[in-house]
Amino acid sequence: MSENIQGFNTRAVHAGQAFEPRTGAVVPPLHFSSTYAQDGIGNLRAGYEYGRGGNPTRDALQEQLAAVENGTHAYSFSSGLAAEDSLIRALAEPGDHIVLGNDAYGGTYRLISKVLGGWGIGNTPVDMSDHAALKAAIAANKTKLVWVETPSNPMMRITDIAAVAAIAHEAGALLVVDNTFASPALQQPLDLGADVVVHSTTKYIGGHSDVVGGAIVVKDPVLAEAIGFIQFAVGAVSGPMDAFLTTRGLKTLGVRMRTHSENAMAVATWLAQRPEVQAVHYPGLESHPEHELAKKQMSGFGGMVSVQFAGGEDAARIVAEATRVFTLAESLGGIESLMNYPSEMTHASVKGTELAVPVNLLRLSVGIEDIADLIADLEQAFAKL
Ligand SMILES: *Cc1c(COP(=O)(O)O)cnc(C)c1O
């Protein structure tokens with residue numbers, strides 16, 4: 001039976017995770033070896049030669065990642081940005097052009113504009129909900145890649161993946177979706193027409209704030225070959241321990257995302273009725289401008305909530321430093337709740353650009369703690385305002 005016929009959680013638990021044949025160890029062993037004995041010159045066992053080119057623990061993760069994204073090939077990297085860098089260099093060359101969302105992750109914009117820009121790859125940020133602007137930017141630049149993040153960070157905007165895929169394909173461009181925020185448990189971009197899915201597995205897939213990693217998933221053998229070559233030739237691969245931790249996290253992604261989504265909905269609802277709050281950005285709220293699209297495109301609304309304060313920057317800073325269950329820290333997607341002040345933390349790199357974020361905004365990564373404790377923590381922090 002093809003793995004894609006099975007349900008999401010069955011794939012997450014079993015894909016690439018067959019028990020070890022010699023001992024029956026149910027959890028496949030973690031392989032640290034950097035090199036592999038050859039039975040004669042060039043006579044390899046199971047194709048393994050050298051750790052940068054292949055490692056059984058990394059392969060197990062890659063099989064699992066391909067299965068949960070309904071892809072055919074996945075590649076695991078040492079970080080999300082390493083994956084993005086390898087992806088862009090595999091699919092674009094100097095003179096090519098990328099259209100990306102104007103609220104892309106700050107590190108992605110920094111990579112595309114400050115690093116790859118210097119190597120001759122152009123970019124145009126656009127509002128991905130403005131399809132006329134998107135078409136115009138693609139047509140004006142003979143764009144090679146369209147880059148979408150949905151939900152976006154930190155404004156939680158939702159992009160119509162199927163519609164943008166059609167626009168990209170009509171112009172001969174490929175659609176890349178950064179699926180970090182939704183995770184494959186809630187959204188399957190390849191099924192909606194995307195050509196490539198990219199992840200910071202540091203976030204929900206790893207899920208426990210204890211490993212940095214990235215991944216690329218595709219369903220086209222030509223793209224797969226190009227990306228596989230760059231992964232091997234550039235070498236930004238994940239190490240065996242990182243791959244093992246990521247695999248362990250991915251097995252429980254489905255159950256974690258259910259609780260993240262439930263808790264985030266409760267936090268967003270609580271925030272929305274507070275007088276200190278100017279705006280709440282959460283796709284699960286009916287007041288969200290793309291709520292209907294999110295309902296159609298996702299099977300849950302995820303754990304990320306952003307909030308803007310009527311009291312401006314001062315109010316945002318006071319709450320950010322007053323919570324006790326929510327920890328003030330960058331990153332997201334772990335089981336523990338985190339509080340982030342994007343304009344000085346995660347998004348400091350886009351300050352002063354058109355991707356800059358409001359100074360009265362906090363981004364909450366809502367964890368899987370008991371909801372009563374999360375609300376009580378916010379209540380005591382709001383009492384300081
Ligand atoms: C964190 C993040 C990245 C970068 O990933 P790293 O693992 O930190 O290199 C890319 N995209 C999004 C949406 C992210 O949140």
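Order of listing sets the numbers, starting from 1, for every ligand and every atom in it.
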Item to complete: Inspect the surroundings of CZ in Phe32 and state if more than 12 heavy atoms from other residues, nucleotides or ligands are less than 6.0 Å away.
Response: yes

Worksheet entry | Heavy atoms from other residues, nucleotides or ligands near CD of Glu225 exceed 12 (cutoff 6.0 Å) | no

Worksheet item: Hey, is the main chain of Glu369 close enough, under 3.5 Å, to the side chain of Asn263 for a donor-acceptor pair?
Response: yes

Response to the item:
Lining ligand 1 at under 4.0 Å, by non-hydrogen atom distance, are residues Ser79, Gly80, Leu81, Glu84, Tyr105, Glu149, Asp178, Thr180, Phe181, Ser200, Thr202, Lys203, Gly213, Leu332

Check this for me: does any side-chain nitrogen of one of [X] and [Y] sit under 4.0 Å from a carboxylate oxygen of the other?
X: Glu344; Y: Lys351; result: yes
X: Arg45; Y: Asp39; result: yes
X: Arg317; Y: Glu313; result: yes

